[in-house]
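Working notes, structure below.
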Amino acid sequence: MSETSLPETGDRLDRATGVFVAHRELLFGVVYNVLGSVADTEDVLQETWLSWTARGGGGQPEEVANPRAYLVRVAVNHALRRRATITRRQETYIGPWLPEPLVSTGEGADETALRAESVSLALLVVLESLSPLERAVFVLHEVFGYPHTEIADILDRTPAAVRQLARRARAHVHDRRPAYEAHPRVRREATERFVRAALGGDIAALMEILAPDVTVWSDGGGNRRPAGLRPVHGRDKVARLLTGHVNRHGIGDLEVRFRQVNGDAAAVLFQGAEPFAVMVVDLTPEGDRVSGVYIVSNPEKLTRVERGDAEEEGPRS
């Protein structure tokens with residue numbers, strides 16, 4: 001190798017790095033919404049980076065006519081292969097499996113994961129019931145606005161096949177998720193009322209705010225309580241579950257901070273300096289009752305949750 005070839009190689013790698021960094025937020029958003037796991041998303045981005053540098057760093061990045069399309073295609077296909085690993089992990093998971101939440105610190109931090117476009121925790125739960133291809137198509141088309149023809153190139157499928165996948169995915173999601181989206185202020189107020197009643201052990205207040213057919217999903221991964229082995233349905237059972245855990249385990253003294261979780265108002269509970277749980281509520285179409293509660297308390301899914309400032313601290317019970 002000549003002496004002059006070394007700077008040229010370095011320049012190519014610098015250009016490839018710059019292109020990848022410029023698209024990293026987009027790649028994170030797409031892959032996270034396909035996988036629902038930050039750790040797996042980071043692994044996929046690393047695999048994508050290696051694929052890109054093999055093409056753009058060791059070769060000529062300018063030879064890639066559309067770097068954005070190339071990177072998304074590589075990332076999505078790496079993510080689809082990673083789905084098989086996640087599915088096997090879920091088969092032996094203890095209790096309900098919930099996506100790893102993206103929690104804002106409330107400090108305006110320059111965090112790629114939190115700036116990336118992501119769907120709500122509740123919708124991610126619904127997406128878990130789609131096939132990997134249906135989920136990829138739904139995320140690319142419904143969340144990021146990719147046309148079916150472009151998705152066909154990404155997935156190496158015909159446009160007709162992609163349209164069929166899109167129809168199935170959209171119909172399934174619409175059956176499971178109402179079109180209604182609560183106003184952020186309404187969601188914040190309902191979250192505060194729910195947390196105040198739940199951590200205060202106030203069964204009467206809980207019965208008032210919970211919808212008759214409310215469901216609680218509690219993901220502790222077998223590592224932390226409260227967490228059931230299956231979702232709990234019905235207002236009476238849910239109220240007894242929540243107040244019972246408070247009375248038995250003394251978790252009413254947890255510090256509450258209200259944060260944005262996957263773009264929605266939610267509560268983050270801390271035990272001392274450590275995150276204890278993330279609580280996200282779903283509302284009825286009227287916006288006055290809680291129809292679903294998602295509690296992520298598995299410590300392995302809370303490693304990226306930070307206390308942040310104290311301005312949004314909620315009331316202790």
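Residues Thr85 and Arg82 meet the side-chain proximity criterion, which asks for heavy atoms closer than 4.5 Å. Residues Arg170 and Glu142 form a side-chain contact, since some pair of their non-hydrogen atoms from C-beta on lies under 4.5 Å apart. Side-chain contact between Leu242 and Ile295 is present, with at least one heavy-atom pair separated by less than 4.5 Å. Using a 4.5 Å cut-off on side-chain heavy atoms (C-beta onward), His23 and Val19 make contact. Within the 4.5 Å cutoff, the side chain of Leu140 has heavy atoms near those of the Val72 side chain. In this structure the side chain of Trp97 reaches within 4.5 angstrom of the side chain of Glu128, judged on heavy atoms. Phe276 is not listed as a side-chain neighbour of Leu302, based on a closest heavy-atom distance of 4.5 Å or more. Proximity of Leu269 to Pro275: side-chain heavy atoms (C-beta onward) are nowhere separated by under 4.5 Å.
Across Gly221 and Asn298, no two heavy atoms sit closer than the pair CA-ND2, 3.6 Å.
With respect to the salt-bridge test (charged N to carboxylate O, under 4.0 angstrom), the residues Arg193 and Glu189 do not qualify.
Note that CD of Gln260 is 9.5 Å distant from CZ of Arg187, once rounded to the nearest 0.5 Å. To the nearest 0.5 Å, atom OG of residue Ser120 and atom CG of residue Leu102 are 11.5 Å apart. One distance of note links CG of Leu254 with CZ of Phe270; it measures 10.5 Å at 0.5 Å rounding.
Ring geometry, His233 versus Trp217: the interplanar angle exceeds 60°, so the pair is classed perpendicular (tilted spans 30 to 60°). Ring planes of Tyr32 and Phe28: parallel class, angle under 30° (limits at 30 and 60°).
Counting only N and O atoms by type, the side chains of Tyr294 and Asp219 include no donor and acceptor under 3.5 Å apart.
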Run the ring-ring contact (aromatic ring centres under 6.0 Å, His included) test on Phe20 and Trp49 for me, step by step, so that the C-alpha distance in whole Å, both residues' side-chain angles and the decisive distance to 0.1 Å come before the verdict.
CA-CA 7 Å; Phe20 183 85; Trp49 160 249; 5.4 Å; yes
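Between the side chain of Arg81 and the backbone N or O of Ala79 there is no donor-acceptor pair closer than 3.5 Å.
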